[in-house]
Amino acid sequence: MSESTPEFTGSQSKPCKVCGLLVPQHASKCTHCDSYQDWRRYITLSTTMVALLTALISVIVTGVPQLYQLVHVPRSSPAVSLLQNYDSPGSSIFLVSNSGDRPAAIEGVMFNAPNPVGSWGGSLPDELSNRLIDPGKGKLIRVTFPGLEDNSYSKRELAGKRCNLTVFLTQFNGQRTEYPFPDDNCGSFNLIQWKQ
């Protein structure tokens with residue numbers, strides 16, 4: 001028994017772009033050779049090829065994060081800002097932020113001024129949790145300089161002299177980082193109690 005192929009004539013038919021046999025005018029696929037008649041005929045993907053591409057994409061998607069973890073070295077990336085609204089003479093407030101992916105810690109603060117003021121070490125919160133800066137977060141830290149507020153100094157004694165403030169941070173890898181605030185006129189640091 002032979003299959004009969006319908007015959008299309010005139011404007012109802014067009015030749016297949018692959019096998020040349022007549023197919024309906026608006027057919028998107030040849031009824032004889034199963035080839036597409038539109039843009040899809042240029043893309044020849046077999047089932048095997050699609051399966052291989054799917055497997056490759058799966059391996060890439062699951063492998064890239066693992067590769068990143070092998071290559072990436074976690075680190076802390078702390079930064080310090082000295083806020084301009086000081087609490088009171090003898091203390092200051094810092095904003096310490098950490099844009100890294102490991103914790104950092106504030107280790108200490110040192111205030112240096114010429115004589116008669118001298119150098120003063122800042123007192124930090126006793127609890128370590130108050131000194132730790134979590135990854136991607138910031139923290140306000142109040143630092144006091146014990147004894148500094150008990151003394152008062154004449155602005156004339158320190159006129160034109162420079163003072164500086166340095167914050168010491170420890171990164172997760174143990175590296176110590178200093179953040180010196182530029183030498184400034186001692187009068188601009190409100191840490192000092194001035195005589196009236």
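Computed from a predicted model, the values in this text were never measured in an experiment. Residues take their numbers from the sequence shown, with the count starting at 1.
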- Message: Contact between Pro103 and Ser76 at the side-chain level, heavy atoms closer than 4.5 Å - yes or no?
- Response: no

- Task: Using the test side-chain hydrogen bond (donor to acceptor under 3.5 Å, both in side chains), find all partners of His72 that sit at least two apart in sequence or belong to another chain.
- Result: Tyr68, Asp101

- How would you list all residue pairs meeting salt bridge (charged side-chain N to carboxylate O under 4.0 Å, His left out) that involve residues 50-79, not counting sequence neighbours? none

- How would you list, by chain and number, every residue that makes a side-chain hydrogen bond (donor to acceptor under 3.5 Å, both in side chains) with Ser99, sequence neighbours excluded? Ser77

- With the side chain counted from C-beta on, respond yes when Ser97 and Pro78 share a heavy-atom pair under 4.5 Å apart, and no when they do not. no

- Query: Out of curiosity, Phe172 CZ to Leu132 CG, how far, rounded to the nearest 0.5 Å?
  - Reply: 10.5 Å

- Residues Gln37 and Cys16: closest non-hydrogen pair is NE2-SG, 3.3 Å

- Task: Without swapping roles, check the side chain of His32 against the backbone of Leu22 for a donor-acceptor pair under 3.5 Å.
- Result: yes

Less than 3.5 Å apart, which donor and acceptor atoms pair up between the side chains of residues 57-66 and the rest of the protein, not counting sequence neighbours?
| unit_1 | atom_1 | unit_2 | atom_2 | d |
| --- | --- | --- | --- | --- |
| Ser58 | OG | Thr54 | O | 2.9 |
| Thr62 | OG1 | Ser58 | O | 2.9 |
| Thr62 | OG1 | Val59 | O | 3.3 |

- Task: May I ask you to list the residues sharing a hydrophobic cluster with Val71, side-chain cutoff 4.5 Å, ordered by chain and number?
- Result: Leu67

- Should side-chain heavy atoms under 4.5 Å link Ile, Leu, Val, Met, Phe, Trp and Tyr, which residues sit in the same cluster as Phe168? Met110

- Query: Distance from Leu169 atom CG to Ile106 atom CD1, nearest 0.5 Å?
  - Reply: 5.5 Å

- Message: Can you give me the closest heavy-atom contact between Ile133 and Lys139, atom names plus distance?
- Response: CG1-CB, 4.5 Å

- Show your reasoning for whether side-chain contact (heavy atoms from CB on, under 4.5 Å) applies to Gln25 and Lys14. CA-CA 5 Å; Gln25 181 69 30; Lys14 65 178 181 180; 3.9 Å; yes

- Can you name the residues that form a side chain to side chain contact (heavy atoms under 4.5 Å, CB included) with Lys137, not counting sequence neighbours? Asp134

- Check: Gly136 main-chain N/O paired with Asn98 side-chain donor or acceptor under 3.5 Å: no

- Scanning both residues in full, the closest heavy-atom pair of Val18 with Ser35 reads CG2-OG, 3.3 Å

- Task: Please name all residues satisfying side chain to side chain contact (heavy atoms under 4.5 Å, CB included) with Phe94, sequence neighbours left out, ordered by chain then number.
- Result: Val80, Leu82, Ser92, Val96, Val109, Val143, Leu165, Val167, Phe181

- Message: Quick test of your reading: applying side-chain hydrogen bond (donor to acceptor under 3.5 Å, both in side chains), list the pairs with at least one residue in residues 167-176, sequence neighbours left out, ordered by first then second residue.
- Response: Glu107-Thr170, Glu107-Arg176, Gln171-Thr177

- Please list, chain by chain and in numerical order, all residues satisfying side-chain hydrogen bond (donor to acceptor under 3.5 Å, both in side chains) with Asp38, sequence neighbours excluded. Arg40

- Query: What's in the same ILVMFWY side-chain cluster as Leu21, cut-off under 4.5 Å, chained through other members?
  - Reply: none

- Evaluate the criterion side-chain contact (heavy atoms from CB on, under 4.5 Å) for residue pair Cys19 and Cys30; output intermediate values, then yes/no. CA-CA 9 Å; Cys19 68; Cys30 177; 3.8 Å; yes

- Counterpart residues, side chain to side chain contact (heavy atoms under 4.5 Å, CB included), relative to Leu95 (two or more places apart): Ser81, Leu83, Leu140

